[in-house]
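Both ligands and their constituent atoms are indexed starting at 1 by order of listing. For the numbers below, each heavy atom of this structure counts, side chains included, while hydrogens, waters and symmetry mates do not.
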Amino acid sequence: MSEPGCIFCAIVAGRAPCHRVHEDERTLTFMDLFPVGKGHLLVIPKQHATSLFEVDEETLLAVARNSRVLAHALREALGPDGIGVHQLNGSAAGQTVFHYHMHLIPRNHGDPLALHGRTQGEEAELAALAAQIAAARDRVAIRSV
Ligand code: AMP
Ligand code: ZN
């Protein structure tokens, strides 16, 4: 279920902090600590699986469903030109946390196509964005999908 030493399992268990945006039975969505841009989210399964190759189908679908609702929420809250949905498997593909997760990255025309941020997000800004996106998520969940 939970993998010792896994930072995302620690977040799910409440042993490590996060700026939470949404939670349901199978998934947790929170702010990426090193955002590529404003509103960078991670949607993760609560149950540990290292990558796409390990995650079970129900969990995969739960992450996909939530990714779509959260993409609607990001569009509503921040109005970016587009939203990147990225998922990396294995260090060769750029994966750095080995607990399956989906990145949702708001993008504007002219933004560089980076997948990882270099600087840690400011706590107050991450908290404010999490609240703003969570409120938008509650609004769009009613009318989307
Ligand atoms: P990946 O390279 O696809 O495995 O992405 C891992 C992501 O997790 C990166 O974008 C990191 O910035 C992010 N990350 C790592 N540790 C934390 C943490 N404690 N809280 C939130 N995001 C994290
Ligand atoms: Zn884990």
Heavy atom under 4.0 Å from ligand 1: found in [X]'s side chain, backbone, both, or neither?
X     : value
Thr96 : both
Phe30 : side chain
Val36 : neither
Gln87 : neither

Tell me which one of Leu126, Leu33, Ile44, Leu115 gets a heavy atom nearest to atom 18 (C) of ligand 1.
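Heavy atom nearest to atom 18 (C) of ligand 1 belongs to Leu33.
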Looking only at non-hydrogen atoms, which of Met102, Gln95, His101, Gln120 approaches atom 5 (O) of ligand 1 most closely?
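The option holding the nearest heavy atom is His101.
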Between Asp81 and His109, is there a donor-acceptor pair closer than 3.5 Å when you use the side chain of the first and the backbone of the second?
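Yes.
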Could you tell me whether the side chain of Gln132 and the main chain of Leu78 form a donor-acceptor pair under 3.5 Å?
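No, because the side chain of Gln132 does not come within donor-acceptor range (under 3.5 Å) of the backbone of Leu78.
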Grab the two heavy atoms, one from [X] and one from [Y], that are nearest each other, plus how far apart they are.
X     : Y      : result
Asn89 : Leu52  : OD1-N, 2.8 Å
Phe34 : Arg118 : CD2-O, 4.0 Å
Pro45 : Thr59  : CB-CG2, 3.1 Å
Val63 : Ile44  : CG2-C, 4.4 Å
Val21 : Met31  : CG2-SD, 3.7 Å

Determine whether more than 12 heavy atoms belonging to other residues, nucleotides or ligands lie under 6.0 Å from atom CD of Glu57.
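No.
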Is it true that, when you exclude Arg26 itself, more than 12 heavy atoms of the residues, nucleotides or ligands shown sit nearer than 6.0 Å to its CZ?
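Yes, enclosed.
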Mark the output for [X] as yes if a heavy-atom distance to ligand 1 is under 4.0 Å, and as no if none is.
X     : result
His19 : no
His86 : no
Cys18 : no

For the residue pair His103 and His40, categorise the inter-ring angle as parallel (less than 30°), tilted (30 to 60°) or perpendicular (more than 60°).
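Ring orientation, 0 to 90° scale: tilted.
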Would you mind checking which non-hydrogen protein atom is closest to atom 17 (C) of ligand 1, with the distance to 0.1 Å?
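For atom 17 (C) of ligand 1, the nearest protein heavy atom is Phe8 CE2, 4.0 Å.
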Considering only non-hydrogen protein atoms, determine which one is nearest to atom 9 (C) of ligand 1 and report residue, atom name and distance to 0.1 Å.
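Heavy-atom neighbour on the protein nearest atom 9 (C) of ligand 1: Asp32 OD2, 3.4 Å.
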Tell me whether Glu125 is salt-bridged to Lys38, with the criterion being a basic N under 4.0 Å from an acidic carboxylate O.
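Judged by the 4.0 Å cut-off on N to carboxylate O distance, Glu125 and Lys38 do not form a salt bridge.
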Count, waters excluded, of protein N, O or S atoms under 2.8 Å from the Zn ion (ligand 2):
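Step by step: take the Zn ion (ligand 2), keep protein N, O, S below 2.8 Å, and you get 4.
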